[in-house]
Enquirer: 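Questions regarding the structure given below will be posed in turn.
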Protein chains: 2
Amino acid sequence: MKETNKEPIRFAVIAADTVVFTYNDGKLLVRLTKVDRPPFFVDTKGLPGGLINPSETAEDASRRHVEDKAGIAASKLYAEQLYTFSRVDRDPRGRVVAVAYLALVPWEKLSKEEQSNSATAWWSPVVSAKKLAYDHNEVLSFATKRLRSRITYTTVLAKLLPREFTLTEFENMYGAILSANLDKRNFRKKVLKLGIVSPVTGKFTGGRFRPAQLYKFISTDVKEIEVI
Amino acid sequence: MKETNKEPIRFAVIAADTVVFTYNDGKLLVRLTKVDRPPFFVDTKGLPGGLINPSETAEDASRRHVEDKAGIAASKLYAEQLYTFSRVDRDPRGRVVAVAYLALVPWEKLSKEEQSNSATAWWSPVVSAKKLAYDHNEVLSFATKRLRSRITYTTVLAKLLPREFTLTEFENMYGAILSANLDKRNFRKKVLKLGIVSPVTGKFTGGRFRPAQLYKFISTDVKEIEVI
DNA sequence: GCAAAAGTGTTTGGCATACACCCATGA
DNA sequence: TCATGGGTGTATGCCAAACACTTTTGC
């Protein structure tokens with residue numbers, strides 16, 4: 001990966017970068033890490049990622065770097081391959097092709113440590129994740145668009161919601177990611193008619209107001225559906 | 001890329017493989033090339049592809065190999081990135097990660113040479129493209145599914161139809177790729193209501209029977225649509 | 001009893017589906 | 001005139017969208 005002056009680059013090398021999304025307090029968040037790679041990137045930030053070992057797949061590498069650099073247990077994540085970025089100048093230090101992954105994790109599934117921010121890894125609202133290293137703004141933008149698109153025709157949002165949730169939570173998360181205002185009655189009718197969720201009988205939220213019925217996804221697999 | 005006994009593999013190398021589809025005589029065709037790489041692959045067949053140079057993008061490499069190995073002018077193709085295949089054992093000769101592309105070209109746009117079959121490159125019906133080298137059956141299957149899916153919600157079929165076509169040709173191609181039987185009246189109503197095609201005024205097919213109106217796509221860009 | 005969120009039904013219009021016959025042409 | 005493919009309309013049912021009030025709870 002090092003570009004020395006002595007020997008020319010023979011081959012491009014391969015990296016895996018991962019966009020880890022979660023959702024908390026009404027906002028879509030992305031996990032960022034500190035990037036400090038002089039001379040080009042000094043004390044800046046980017047997505048967790050790194051090179052692929054000869055003995056691991058791109059997805060293995062994505063998971064390894066998420067654990068090591070972002071401090072999130074990969075076993076808690078749902079991940080899909082996003083896109084492979086191969087612009088020749090995307091890494092000024094040498095020729096690196098990056099396989100990018102889109103990963104989702106419910107906030108409630110994270111440990112206290114994983115939820116928290118440190119000097120080397122932290123959660124940032126997607127809207128304020130600017131000036132990232134490499135081509136990571138492009139990767140993040142790609143991932144955000146893909147997520148927006150996927151939630152409208154798959155059950156992938158199940159991977160961002162807690163195991164049990166209210167229909168209002170579902171609707172708010174869906175609407176926040178799309179920046180759309182939804183009709184409560186129509187949203188509920190659609191979701192229920194699709195048959196993708198079932199009420200957890202007898203379980204309701206607590207709190208100051210009228211309790212809400214809890215639901216869960218019937219299947220844990222991400223499926224294509226007709227249109228939410 | 002060579003795996004010698006002398007030095008261990010340092011890095012994976014990157015290749016680009018391309019699934020080039022065309023459509024002729026009622027059948028979806030894929031371009032195959034001869035593969036002869038002893039000791040593992042002797043006189044067998046596969047998708048056109050090869051390594052990425054340090055100075056080119058994955059898409060550049062895809063186009064270059066399509067020209068060199070498949071004998072098709074890349075400028076005639078429409079291409080989309082498909083998926084990156086990184087299974088450790090996908091190439092028995094060493095560690096190769098492959099960025100796969102899905103490319104489309106109308107049969108009518110091909111030259112006589114490009115339409116024809118040689119000992120090193122030929123068109124095969126997708127259904128009979130079996131026993132390909134490497135993981136190319138998996139790649140082809142992935143590409144076929146993606147194509148089937150994309151034609152239902154984008155205008156990508158414009159890249160497989162000739163510039164001017166009849167609605168019957170459109171319908172037949174659409175139905176053949178999906179293996180679906182379509183209702184002629186409903187198909188026409190939908191396509192016309194979507195506003196993606198316009199009649200070429202005054203142009204009709206010749207032939208033995210009643211002439212058919214020719215249409216063209218209004219836009220040459222591939223767009224997402226509501227549902228064909 | 002009040003503040004806050006949960007939960008519920010109806011009307012309307014548009015679209016998908018199913019379905020069968022006449023038209024234009026060349027041989 | 002016949003064989004072949006081109007071209008058209010209607011009825012039905014479902015679904016999306018618009019829209020406002022009542023219920024339940026904790027304080």
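To find a chain, count down the sequence lines: A is the first, B the second, and so on, and within it residues start at 1.
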Enquirer: Can you tell me which stems involve DNA chain D, if a stem is defined as three or more consecutive Watson-Crick or G-U wobble pairs, both distances under 3.5 Å?
Expert: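 Only these stems qualify: C:1-27 with D:1-27.
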Enquirer: Testing A:T152, A:V156, A:I151 one by one against A:T154 for a side-chain contact (heavy atoms from CB on, under 4.5 Å), which residue passes?
Expert: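 Single pass found, and it is A:V156.
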Enquirer: For the pair made of CD in B:E171 and P in D:dG6, what is the distance, rounded to whole Å?
Expert: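 The distance from CD of B:E171 to P of D:dG6 comes to 9 Å, rounded to the nearest Å.
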Enquirer: For B:Q81, give me all partners under side-chain contact (heavy atoms from CB on, under 4.5 Å), at least two apart in sequence or on another chain.
Expert: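 Per chain and number, B:Q81 pairs via side-chain contact (heavy atoms from CB on, under 4.5 Å) with A:Y83, A:T84, B:T84, B:V99, B:Y101.
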Enquirer: Atom CG of A:L194 and atom P of D:dC15: how far apart are they, to the nearest Å?
Expert: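 Whole-Å distance recorded here is 10 Å.
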Enquirer: In whole Å, I'd like the distance from the CD atom of A:Q213 to the P atom of C:dG7.
Expert: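 In whole Å, C:dG7 P lies 7 Å from A:Q213 CD.
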Enquirer: Can you pull out the residues from residues 203-210 of chain A that lie within a 4.0 Å heavy-atom distance of DNA chain D?
Expert: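 Only A:G207, A:R208, A:F209, A:R210 qualify.
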Enquirer: Name all residues meeting the side-chain contact (heavy atoms from CB on, under 4.5 Å) criterion together with B:N137; count only those two or more places apart in sequence or in a different chain, and write none if there are none.
Expert: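 Per chain and number, B:N137 pairs via side-chain contact (heavy atoms from CB on, under 4.5 Å) with B:L132.
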Enquirer: Grab the OH-C1' distance between A:Y215 and C:dA6 for me, whole Å please.
Expert: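 It is 10 Å, rounded to the nearest whole Å.
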Enquirer: Any residue in residues 160-168 of chain A with a heavy atom nearer than 4.0 angstrom to DNA chain C? Just list them by number, or reply none.
Expert: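 Listed by number, they are A:T168.
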Enquirer: For residues 16-24 of chain A, which side-chain N or O atoms pair as donor and acceptor with protein atoms under 3.5 Å away, sequence neighbours left out?
Expert:
| unit_1 | atom_1 | unit_2 | atom_2 | d |
| --- | --- | --- | --- | --- |
| A:D17 | OD2 | A:R90 | NH2 | 3.4 |
| A:D17 | OD2 | A:H136 | NE2 | 3.1 |
| A:T18 | OG1 | A:S62 | OG | 2.7 |
| A:T22 | OG1 | A:V105 | O | 2.7 |
| A:T22 | OG1 | A:W107 | N | 3.2 |
| A:N24 | OD1 | A:W107 | NE1 | 3.4 |

Enquirer: Excluding sequence neighbours, so at least two apart, what forms side-chain contact (heavy atoms from CB on, under 4.5 Å) with B:E114?
Expert: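 If we apply the side-chain contact (heavy atoms from CB on, under 4.5 Å) test to B:E114, skipping adjacent residues, the hits are B:I72, B:A73, B:K76, B:L110, B:S111.
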Enquirer: Please enumerate all residues that pass salt bridge (charged side-chain N to carboxylate O under 4.0 Å, His left out) together with B:E80, with sequence neighbours excluded.
Expert: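 Partners of B:E80 under the salt bridge (charged side-chain N to carboxylate O under 4.0 Å, His left out) test: B:R150.
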Enquirer: Going 5' to 3' through nucleotides 8-14 of chain C, assign each nucleotide B (protein heavy atom under 4.0 Å from a base atom), S (under 4.0 Å only from sugar-phosphate atoms) or - (no protein heavy atom that close).
Expert: BBB----
Enquirer: Suppose we screen for salt bridge (charged side-chain N to carboxylate O under 4.0 Å, His left out). Which residues come up paired with A:E108, at least two apart in sequence or across chains?
Expert: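 If we apply the salt bridge (charged side-chain N to carboxylate O under 4.0 Å, His left out) test to A:E108, skipping adjacent residues, there are no hits.
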Enquirer: Applying side-chain contact (heavy atoms from CB on, under 4.5 Å), can you list everything that pairs with A:D68, at least two apart in sequence or on another chain?
Expert: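 side-chain contact (heavy atoms from CB on, under 4.5 Å) check on A:D68 returns A:R64.
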Enquirer: For residues 155-172 of chain A, which residue pairs qualify under salt bridge (Lys or Arg N to Asp or Glu O under 4.0 Å), counting only residues two or more places apart or in two chains?
Expert: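 For residues 155-172 of chain A: A:E164-A:K203.
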